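All remarks here apply to the structure that follows.
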Amino acid sequence: MGGTEPAVVVEREKEEEESKEEKDEEANHHHRFLASLNRLNPTNPLRIIFNGGGGGGGSRFTTPPPPNLSRPLRSSSRVQPPPPQPPVESHPPPSPSPSPSQPPVQHQTRSLFTPTPQETLASLNSTKYTNKFFLFLFMVHKIAAVGFVGFLVFRGVQGLIGSNGNVKRKEQKIIKFLLPQVEAASFLSIVLAFLWQLAFRIWPDFMIHFILWSTFLMSLSSGILLLCFQMPATDAIGVCLIAFSIGNGLYACWVTRRIKFCSKLLAKSLEPVSKFSDLNLPTYCMLAAGFIWMSLWIFGVIGALNFYYPPLVIIGLVLSLLWTTEVMRNVVNLTVSRVVALYYLRGMQSSTRFSFQRALSRNLGSACLGSLFVPTIEALRIVARGLNLLKGEDEFMFCCANCCLKLMDFIFEHGNGWAFVQIAAYGKGFVRASQDTWKLFEDVDMVEIIDADITSAICFLTGICSGCVCIIVAAAWTHTVYKPFTATITLLAFFVGYLMTRISMALPHACVGCYYTCYAENPDSRFFDKTIKDRLAMIRNGRAVVSSTPRVRRAAHNV
């Protein structure tokens, strides 16, 4: 028994030594785990849990000192007691002082559990109302316009029923010889609006050529017809239409080289329309609302003839109608832009009804501001191009052209018609969306292609063509039944035909705008082919001639 007792002691010492070694390994592993926690961001959820929920009264974890690694892990002799360790204070480790090139840790707010793509997708459903001041201004204007038109309609009915003199006879003539022609022009304009949009979707290449030259023929024919009436008022309108037809013919010859690219891009941009069966719903709703409002507006014009200062009242009514129909057109533009842009940018099949509701609520302020701003921009672009052609070596003309170009550059940076895509997709304001969109075009060198685009001109000429067709029908009808109303009905029919067609042409215009803007944002997307890339390559190689809007730096370079 005495011989076996030392062997048992040695075995116990070995077991105790192995258990201590396991404890040392666990302590070393725990130390490395806590040290990794110390390196975590203070806002990390894992560290917040270990800190007691992140509250002010929670205790911070401490990093224990590492085990004594200088002591050998295994000992073949007797076991010695380990040296006493100093007490560990439960204080948080000192935070290192931030270097000037590295921000402090507490300023980092990103978390490993909050990926960046979620922030981008959330911005697609912005709940902010854009351009609230212009939304308020338009609503006040609309309430005042509805009230005033209602008052004029009441005055018209009152004059028709309550009086027995010249006022009653005058209003009876108006209702008999003016109202049927204007209503017929409204109905004809709706039919033409549907036909134009359908034709552009089926034959985009043919329709660009057709609109360029049919507008020339229709404006020339309507001008000659009005001159044949041999009345001072109709002669003035006829001369204006003939002058416009000459300018239209020159423009059609000038843009001949750009038609092929424009038709190819239009056909490509209209491809997503077939994927959304209800994408025409906003157009139908706006055309119906426009027809109802124009019918009431015509009754208001009839009542204005029996009110104080009829010419001024009618001019005010015309301006109100122009702004209202332009807002309707841009509502359709915003709706189509959101549906098509989300398809290009995210591959999403978004709801047309939801996009229509957003355009009528949160983005309506931008539509109101853009309706006032974009026509001015287009007019300034025409003036800038004309002054650039006329300036020559004349110092005065050069100064005027240079000032106009500076103003145009500033306006293009802060407001352009391409902004509606980013307004619809990201909920931005009109000015910010214009700046971001133009910056995208500059980053991918698309400014020359954008300046040379003729889609907006084609949509404008389509409206002119419809207006001229309505002039021919309404003017010939009125001259047959009651000649004194010929000039008045000519102007009313032209405005009705032009405005209704412009509402319907918002769909192809929005599709082209989405194609350009979404391509500039993501040129490598699978939804885009090489149409724009090939055009850019041809421009750089000098094989494509573009007549872009002149810029200030080009004018300065020529000096």
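Computed from a predicted model, the values in this text were never measured in an experiment. If you read the sequence from its start, that first residue is 1, and numbering goes on from there. Only this structure's heavy atoms are used, side chains among them; waters, hydrogens and symmetry mates stay out.
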Looking at Phe299, I'd like to know if its CZ atom is crowded, meaning that more than 12 non-hydrogen atoms belonging to other residues, nucleotides or ligands lie closer than 6.0 Å.
no
Tell me whether the centres of the aromatic rings in [X] and [Y] are closer together than 6.0 Å.
X: Tyr284; Y: Phe194; result: yes
X: Trp323; Y: Phe138; result: yes
X: Phe527; Y: Tyr343; result: yes
X: Phe528; Y: Tyr515; result: yes
X: Phe485; Y: Phe177; result: no

Is a donor on one side and an acceptor on the other found under 3.5 Å between the side chain of [X] and the backbone of [Y]?
X: Ser320; Y: Leu317; answer: no
X: Arg329; Y: Ile503; answer: no
X: Thr437; Y: Ser434; answer: no
X: Ser263; Y: Lys260; answer: yes
X: Ser245; Y: Ile242; answer: yes
X: Gln197; Y: Ser504; answer: yes
X: Thr517; Y: Cys514; answer: no

How many angstroms lie between atom [atom1] of [X] and atom [atom2] of [Y], to the nearest 0.5 angstrom?
X: Arg338; Y: Ser351; atom1: CZ; atom2: OG; answer: 10.0 Å
X: Ile190; Y: Thr501; atom1: CD1; atom2: OG1; answer: 9.5 Å
X: Lys268; Y: Ile532; atom1: NZ; atom2: CD1; answer: 11.0 Å
X: Asp436; Y: Asp443; atom1: CG; atom2: CG; answer: 10.5 Å
X: Asp205; Y: Phe200; atom1: CG; atom2: CZ; answer: 11.0 Å
X: Leu360; Y: Met328; atom1: CG; atom2: CE; answer: 10.0 Å

State, with a plain yes or no, whether a side-chain heavy atom of [X] is found less than 4.5 Å away from one of [Y].
X: Pro282; Y: Val336; value: no
X: Tyr498; Y: Phe460; value: yes
X: Thr130; Y: Lys428; value: no
X: Thr462; Y: Thr215; value: no
X: Arg155; Y: Phe151; value: yes
X: Phe261; Y: Ile449; value: yes
X: Leu287; Y: Met500; value: yes
X: Arg201; Y: Asn280; value: yes

Of all the heavy-atom pairs spanning [X] and [Y], show the shortest one and how long it is.
X: Ala493; Y: Cys470; result: O-CB, 3.5 Å
X: Cys262; Y: Ile454; result: SG-CG1, 3.4 Å
X: Ala433; Y: Ile423; result: CB-CG1, 3.6 Å
X: Leu212; Y: Asn248; result: O-ND2, 3.4 Å
X: Ser186; Y: Phe291; result: CB-CE1, 3.6 Å
X: Phe420; Y: Ser366; result: CE2-O, 4.1 Å

Among Glu521, Gln435, Arg432, which residue satisfies the side-chain contact (heavy atoms from CB on, under 4.5 Å) criterion with Gln422?
Glu521
Residue from Val331, Thr335, Asn330 passing side-chain contact (heavy atoms from CB on, under 4.5 Å) with Asn333
Asn330
Does a donor on one side chain sit under 3.5 Å from an acceptor on the other, for Trp196 and Ser466?
yes
State which residues pass ring pair (Phe, Tyr, Trp, His ring centres under 6.0 Å) with Phe244; sequence neighbours excluded, sorted by chain then number.
none
Is the Phe373 ring parallel, tilted or perpendicular to the Phe430 ring (thresholds 30°, 60°)?
tilted
